[in-house]
Structure formats: C-alpha cells, structure tokens
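Worth knowing before you read on, the calculation uses all heavy atoms, side chains too, and leaves out hydrogens, waters and symmetry mates. Every chain is numbered from 1 and lettered A, B, ... according to where its sequence line falls, protein lines coming before strand lines.
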There are 4 protein chains.
Amino acid sequence: MYNAHWLAVALRHLTHCALYIIHRALFATLSMYNELKQACYEANMQLPKLGLVIFTFGNASVVDRERGVFAIKPSGVPYDTLSPDDIVIVDFDANVVEGSKRPSSDTKTHAVLYKNWAGLGGIVHTHSTYATAWAQTQLDIPILGTTHADHLTVDVPCAPPMDATMIEGDYEHETGNQILQEFARRGLTPDEVEMVLLANHAPFTWGKTIEKAVYNAGVLEAIAQMAYLSCTLRPDVNRLPASLIKKHYERKHGANSYYGQ
Amino acid sequence: MYNAHWLAVALRHLTHCALYIIHRALFATLSMYNELKQACYEANMQLPKLGLVIFTFGNASVVDRERGVFAIKPSGVPYDTLSPDDIVIVDFDANVVEGSKRPSSDTKTHAVLYKNWAGLGGIVHTHSTYATAWAQTQLDIPILGTTHADHLTVDVPCAPPMDATMIEGDYEHETGNQILQEFARRGLTPDEVEMVLLANHAPFTWGKTIEKAVYNAGVLEAIAQMAYLSCTLRPDVNRLPASLIKKHYERKHGANSYYGQ
Amino acid sequence: MYNAHWLAVALRHLTHCALYIIHRALFATLSMYNELKQACYEANMQLPKLGLVIFTFGNASVVDRERGVFAIKPSGVPYDTLSPDDIVIVDFDANVVEGSKRPSSDTKTHAVLYKNWAGLGGIVHTHSTYATAWAQTQLDIPILGTTHADHLTVDVPCAPPMDATMIEGDYEHETGNQILQEFARRGLTPDEVEMVLLANHAPFTWGKTIEKAVYNAGVLEAIAQMAYLSCTLRPDVNRLPASLIKKHYERKHGANSYYGQ
Amino acid sequence: MYNAHWLAVALRHLTHCALYIIHRALFATLSMYNELKQACYEANMQLPKLGLVIFTFGNASVVDRERGVFAIKPSGVPYDTLSPDDIVIVDFDANVVEGSKRPSSDTKTHAVLYKNWAGLGGIVHTHSTYATAWAQTQLDIPILGTTHADHLTVDVPCAPPMDATMIEGDYEHETGNQILQEFARRGLTPDEVEMVLLANHAPFTWGKTIEKAVYNAGVLEAIAQMAYLSCTLRPDVNRLPASLIKKHYERKHGANSYYGQ
C-alpha cells in the first residue's frame, strides 16, 4: 500500500515535471513578466516568514513602470500553496493583463496608489496584529522613540473611516483615494512617509522597491507593538522632542546621512 | 559511508512498508471509517501547528452524514503521540461505534451540534489563549475591524454561563444545548456565524468542512487578539459602521462576492 | 576540503564514542542513580522546549523515596550544555550524595517539600513569564475558567513575602517552609493543589511524577496568561461559579472521572 | 532538469570554495584581529537568535584593551548576510583601524563607554521590544521580583532625554556621556549595574565579557516584560523589600555567593 502510494506520488511527480517542461517550452518564453512575477512571489512569501500574515491575510505587489503594469498576489490563495505562476499581472486601472487567477480583492487600492504616486516600486498590505489593532482604534501611532524616528518623522497616520457613499461605491478604489486624500490633507508625501493605517481596517506600506515595502511592513508592526506597550504602561507618555526626531531621521535619510553602507 | 547510511535508511523503510502492508491487509480493510479517521487526525494535528492548543487542550471532529457518525479525537491523548488509529467513531448520541479509546470528554457537545445543525461538516474546540480569555470575561468579541467583518457580520457571541441545574445534569450535552439556545435567542444561524464563545470556558468553531472549521479556529484567535489589544488601548473604541460590515462580508460571501478564486 | 572536514568530524566522533564507552565501562556502573539522573535530565530539558525557561532560570528534580534522595539540576548550568552526568544527587537535608557539580541554589526548597509531602514524585521551579508576573503582584491567580478548573478548584495560591528574619536566615529552606505554612493556613493539600506562587519570586509546581510536575508548570503558565488577559480586559471579571468548578474538576479527578484513557 | 539544477548548485559551491581558499591564503593572515572579529560576529548573531533584534536593530562590540581597539558590527548590514569579515575594528575615539565597511552608527557611544569604564569587555545595543517600550515611557524598570534582584539591586536606570544642544552636537558621543553622567548622578558603578535604558531610545547592556553583555541583553528583556505585565495588572505593585534584594544579589554576587559552579 505504501508502495502503491509511493508509486502514485512518483508518477504524479514525473507527470508534473513533464507537463511543466512542455508548459515552459511552449509558453514561458512568451511572457515578458516572469521576472516581475518572481519578485512579487518572493515578496509575498516574506510576509508569513516575518510573522506579518496568517492564512491569506495580506498581499504584496511589484510595479513595472515602463510597461505600465504591476504584479500582485491572486485572491484567497494560501501562502503555502502559492507559486510564481499564480501571480497576476494587471494595469493601473486594475484590468488583468496576464494570469489565469483572479487578482487580490485589494488590487484597485494598489492601482490607485501606483497611478498617483510615481515613486512607488512596491506595495504591501497586511493585517499584522499590532498595526491592525491600532487601525481598529482609529488612532495615529504616536512617535515615541527612535525606532520610529529612524523611519519617519511624524506619527504613523491613520486615515479616517470612509463614509457610507465611498464604501457602497467602488470600495477598494475609494480606499486608495482615502489614502491619497489623507496624505494631501496632512501635507505628507509618500517619499517621506511610507506607511499608513486605514481606520477599522489595517495597514498599507510601500517603498521605492518591494524589498523596502516589505521591510516597512515589518518595521511598522514593531513600532506598533512598542507604542501599544508604552501607551498601556503610561497613558500620558510624551511624544519625542523635535530635535531628536530630526537627528534620527537625518542619520538615515538626511544629506549627511551616516547610517548604512 | 553516506551510501551505507542511505542503505540503512532504505532497508528500514522497506521493512516498515512491508510490515505496514501486512498489517493493513489483515486488519485495515475491516474498517469503513479509515478515510474519516485520517481526515479527523489531520485536522487535530493542525491545531498545535497553528498555535491553538498545548498538551491536550482541544479536539476536532469530522462528520459522515450518510453513515450518521462522526470521528473525534480520543480523550486526553497528547498531540505528539496521536495516530489515525486512535481516532474514535461515534454516532449522534455519542455512542462509540468503533475505536478502542474513550472519545473526547466534549463528545456530547459535538454530537448535539451535528444532530441539530445539518450544515456542519466539522467542529473544532480549543482553549486558544485570547479567545479563551474573552470567554472568561463573559463578553462578546466586538466587531472592530474588517479582519472580523470578512468572516462574520456580528460580534462573536458569548453564550452565557449555564445554571447549576444544567451543569450538574448532562453537562457536555447541555453545553451543546446552550449554544443552540443562544443562537436561537439572538436569531443567528450556524451558516452565517461559524464560531461561539462559551462563558467561563472556551470557543467552539465549525464549518461546512473540517478544513473551514480549523481555519475558523485560527481566525477567531486572531480576531480575539486584535480586539483585546484595541480594547485595552482605547476602552471607548467604536464598533464598525454597518455599511463597512456589509461591504466586507459581501466581498467574501455575497451573491456578487469577488474574493478568492 | 569537504572530505578533510568530514574526516575530521568522523574522527572526532569516533574518539568521543570510544572515550565514552571507556568512561561508562569504568564508572557508570558504579552509580545506582543513572536512571534517576536521566529522568531528571529529561525533565529539565522539557522546560526550555515548552518555553518556560531561558538561560538558567529554572530547575526540575526527581525523587527516589526508597533511597531517600532526589536528583536535581546543577546550579547555573545553561540548558544547552546540560548532560545527564551533570545532575546532582542529594538527600532530604540537601547534602550532596553524588555528583561533581554544586546543586541548584533552590535545592533546600525542593528538599523541604519532599521531606514534608510524601506524595511528591517530582518538583519544577521556573521563572515563566506570566506566572512570575503574577507572583510579583503578590496576588493569587483567580479561577476564571474551565482551563483552570480542569486542574484545581481554587485560585492558584500566592504565598506571602517572607519577613526579613526568614530571608536573612536559611533562605531557601525557609522558602520551602513558607509554602508548607501557606498550604496549612489555607487548608490546602499538595495532592489537590499542585502549584504555588511565591510572592516577589516565581512559581513552584509538583506532581506524583516528574512528568506531571512539568505538565503542571506548562498549565500554570497558560492559566496565568489567560487570567492576565481577562483581568486587564475586564477588571471586574467574576470567578467561576462553584457548580462549574466542581463539574470540571470531577471530570478529570473525581471518583466518576471520564477524562483521559 | 533536476540534475541540471543540482549540477549548477554544485559548481557554484565549488567555485565559492576555491575563491574562499585563495582569498584566505592571500589576505586573512595579514589581520591580527581575526579572533576579535570572530567573537564580535558570534555575539551579534546571538541577538536575532535570542529574539532581541529584527532587521538591523542592534549591534554588539568586543574590546581588545591591549591593542586599544574594539570590533563592532558594520552599519545597516542585515544579520542574515553578516560575515566575520564585515566586522569593523575601531579605536576608542571611533576611528576605523581596519575594515572596508562603515561601523555601526552607534560606534561613538560604544567608544565613550569603553574609554571611561575600564572593566567593560563587551557592549550590546538592541531595540528589544519590552525594554524599548519602557525606554519610551522614560520610566525606570522597578525591581519587582527576584528575577531582577538576581542581576541587580536597583531599578534598571533610565537615563533622561538629552537636551537639544546635546542632540544637535555630536549625538552618539553625547549618548555615551549621558549614560556616564546618569550613573555618576545616581552613584551607580558599571560593575554593579550592567544595563541602562536611554529615554525615548532603547537599552544598552555590557559585561566583563561579551557573552555576559549578550546574556544581560536577554535578561533585561525578560525583566522588562515581567515588569510590564505586573504593572499593568496591578498599577500599585510594590518594589521588593530591601532584605530580599540583598539576599538574591548575594546568592549570585556576594563574597559568600553560592549560585553557579
């Protein structure tokens, strides 16, 4: 019985290999998006590894600005069965360009951000525990320490809840608009602030590269946890003084930055 | 030497296979429940892997409605020694149909739910940390974010404590009744709401399949943790507006759902 | 290069084996305590595996009542370098009977408990995170749910701080006495309640076997975490009603217990 | 196809080995700091393993007092790509003595501490979660239990925020001065107290050896978590009585210490 089972496994494997080679030979060279898909796949796989998503609670996308498309995780596919071929290519209006699967239900939000913010190379959406808990409270994450100031000089902004008209309309598209409007209202730029909370929902992060967007998702969760602990331990905790915020940010990002290689 | 090692491994494997085939040939065909037991075994093994149980704090069951039985974990057997052959087959009155071990002490609760709710394919009971902490407070888990709304449109209901008569009577049977009555009282259906907390005890989750029931146990623990964090950070936190609840639920479950493949 | 490395590894291994065999042949048979040491070693190694200790923050002991001795972890030896030969054998007055290492600094506490409570087969002391946090508050862990009631029918007792005289005297001996006195004062027996917190210090657990004592250390940490969460979420949380406490305890421990095999 | 893949892996591996041997033969013997670099590398790699850092949030250094230099992690290099050759050697004024990479941006803080405190053999800086959350509140970590008292007899000191002049000046140098001044102001010595929080920033720990400094970083995080839990559970929690502090510290550190081997 084990032998039968083993034989079945082996045959299935061989068949799979053969089909894969034929598939590759016939079609793979036809796709100009293989590298983009691979990058998107690898970014998505980082999310469970960093403890930022369970099940299907998140998605990462990578843009190819020359071709005017981005690669994004398919909707509802668990991370442990995801493969690079599952990744979907869509344009900036969220139309599918290539791929047999339905793209993430959050695709339109990614599309709005890529379309309006030219500097973005990658976007990550998670429901990571502490960042999502903050989003549920509709509060900004206050800037309480240098871990935060090393990455941004303001509170992590929490975009307010959308009104019923926006929700009942083109919801995911409006989610993107809500982020754009909140940044405009606060006078923030996506180069300076690479993360946002959506009230009652969860965080989005981005970066010039997808690696930076994934990194920012991890940083945000760490900041969110530390701020949660500080605020519950000492509810009257103070924000960082301006001079310290400036110093830590300039160490990493200023004209005379001296952090990193 | 590597070859020698490999040979030893192969020989051990072959011997094991041979013994297994003989064992199977002699005994296994006597049971019509092998697939059911295997499915139940695999579901149970997911629980410690997902961080939802330690020691023996939980159990999963899978129903076979044609035969009118379900498979359930044996009582008090640690997960790291559990095998498919340990799984017990019982009918909807909790009588043992097959199996040399005593079934889970919660078997009657499972039986009541299967008997009364025809749509259930699997049930999971855990003492997962955050969900159990909520159950101990006797509070519903308020719907605070879209992580919650993606799965159900109401607070996670907490069935009230049973009175002394119910407890001193047929306790596990009454536990099932308590769930049924609370759903009736609130006008909930088990298709719409696939999870419940039992006051002072712990959660039960279910689904059309056992895979969905296990998934729901993981989702519930994530929701419970996020709600704990939001409520301790901001005790006056607001529930989701009705429009957003509706939208997120319909993305996944409505007639025009567009989540998943 | 790989071959050279591999050869070196193999030679080192062979040498080690040879020395081990000689060592065993010469000395090991001289000790009547090898089995006791091995059991003690295995119990100690469970503690970091269950997430209950880091570094050297804990110790487990196993008693041999016929010989009037117990085996205990040596003091200050990290778990990742511990071996069965390091385990120390002491009598009930904490005198070393066998072993080249100094026994745990908590040895006298273990000795007092073994000497006075004849039913104990093993004792575990950890500084596990949540149980220790409760001990630091000098509060009992209230019985809030059936996870707790499955194991004991009362709050987990927290023995009060010792007075300066006890501390400045034979401290670890007095720690044992403090536990005995608190159990006497509350009318508890070590068969019914197999765990205690020491105010400002940390927990001790025990059992008829060392496996049970280790299990109890894990159960206590889980109970402590759930109670922490429930109490911070709802400070006016209620204890379990007496009828439910009784029911759950009797499921596992009563004359008509029906939990386990 | 699998064979081709395997062959490619093997060839890549062989090439790598060959290049490594040539590199070593030509250059490695030229450095007198190889052992120091290796020790520093190993200490740094302990930090993510102990759960104390993610990404690049931390650094460890090891001093060679005879040569008047210390080895420190390069700035902004992730732990999973770090190698011993990346480690930078600097003198006590933070000038680079050897190494092709830029040293940690916190190098001047390490330098000030080594220069002024002759007993230090190693220093560790992390942004570990609970210790950093305490630093953000600007509160000392109160001494609440024996886990704390086994390591130091006072609250973990939190050095106050620096004023704008210090921050805008030679910031990392002044960070070191801030630690020195706070210890002087409180009458603490670095032999008795091997850890400090910097308000709004994060912890530094040290020791006679780098192993002790790493251990202290782990101990501090454990103490910080337990104190967080105790203080949120019982805000009016009391500090340890003086007699118990003295006893536990002397068990490990006094003239008649009896902890360890």
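- For the pair A:K73 and A:Y79, the distance from NZ or CZ to the six-membered ring centre is under 6.0 Å and the angle to the ring normal is within 45 degrees.
- Using a cutoff of 4.0 Å between basic side-chain nitrogens and carboxylate oxygens, A:D85 and A:K37 are not scored as salt-bridged.
- Comparing B:T147, B:L233, B:V237 by heavy-atom pairs within less than 4.5 Å of chain A, the highest count is held by B:L233.
- Between chain A and the options B:C231, B:A242, B:G218, the largest number of non-hydrogen pairs under 4.5 Å is found for B:G218.
- Proximity of A:Y130 to A:I223: side-chain heavy atoms (C-beta onward) are nowhere separated by under 4.5 Å.
- Under 4.0 Å is where a charged nitrogen must lie from a carboxylate oxygen, and between B:K247 and A:E168 no such pair does.
- Of the two parts of B:A149, neither the backbone nor the side chain holds a non-hydrogen atom closer than 4.5 Å to a non-hydrogen atom of chain A.
- In this structure, chain B has heavy atoms under 4.5 Å from both the backbone and the side chain of A:P74.
- Heavy-atom proximity under 4.5 angstrom to chain A picks out B:L50 from residues 46-64 of chain B.
- Residues A:H127 and A:H201 place their aromatic rings such that the two centres sit under 6.0 Å apart.
- The shortest distance between side-chain heavy atoms of B:Y249 and B:D150 does not fall below 4.5 Å.
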Identify each donor-acceptor pair in which a side-chain atom of residues 137-146 of chain B lies under 3.5 Å from a protein atom, sequence neighbours left out, and give them as a table.
from: B:T137; atom 1: OG1; to: B:W134; atom 2: O; distance (Å): 2.5
from: B:T137; atom 1: OG1; to: B:L139; atom 2: N; distance (Å): 3.3
from: B:Q138; atom 1: NE2; to: B:N200; atom 2: OD1; distance (Å): 3.1
from: B:D140; atom 1: OD1; to: B:C158; atom 2: N; distance (Å): 2.8
from: B:D140; atom 1: OD1; to: B:R186; atom 2: NH2; distance (Å): 3.0
from: B:D140; atom 1: OD2; to: B:R186; atom 2: NH1; distance (Å): 2.8
from: B:D140; atom 1: OD2; to: B:R186; atom 2: NH2; distance (Å): 3.4

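- Two residues are said to be in side-chain contact when any heavy atoms from C-beta on lie closer than 4.5 Å; A:W206 and A:V124 fail this criterion.
- Counting heavy-atom pairs closer than 4.5 Å to chain A, the top-ranked of the candidates B:R239, B:R234, B:Q225 is B:R234.
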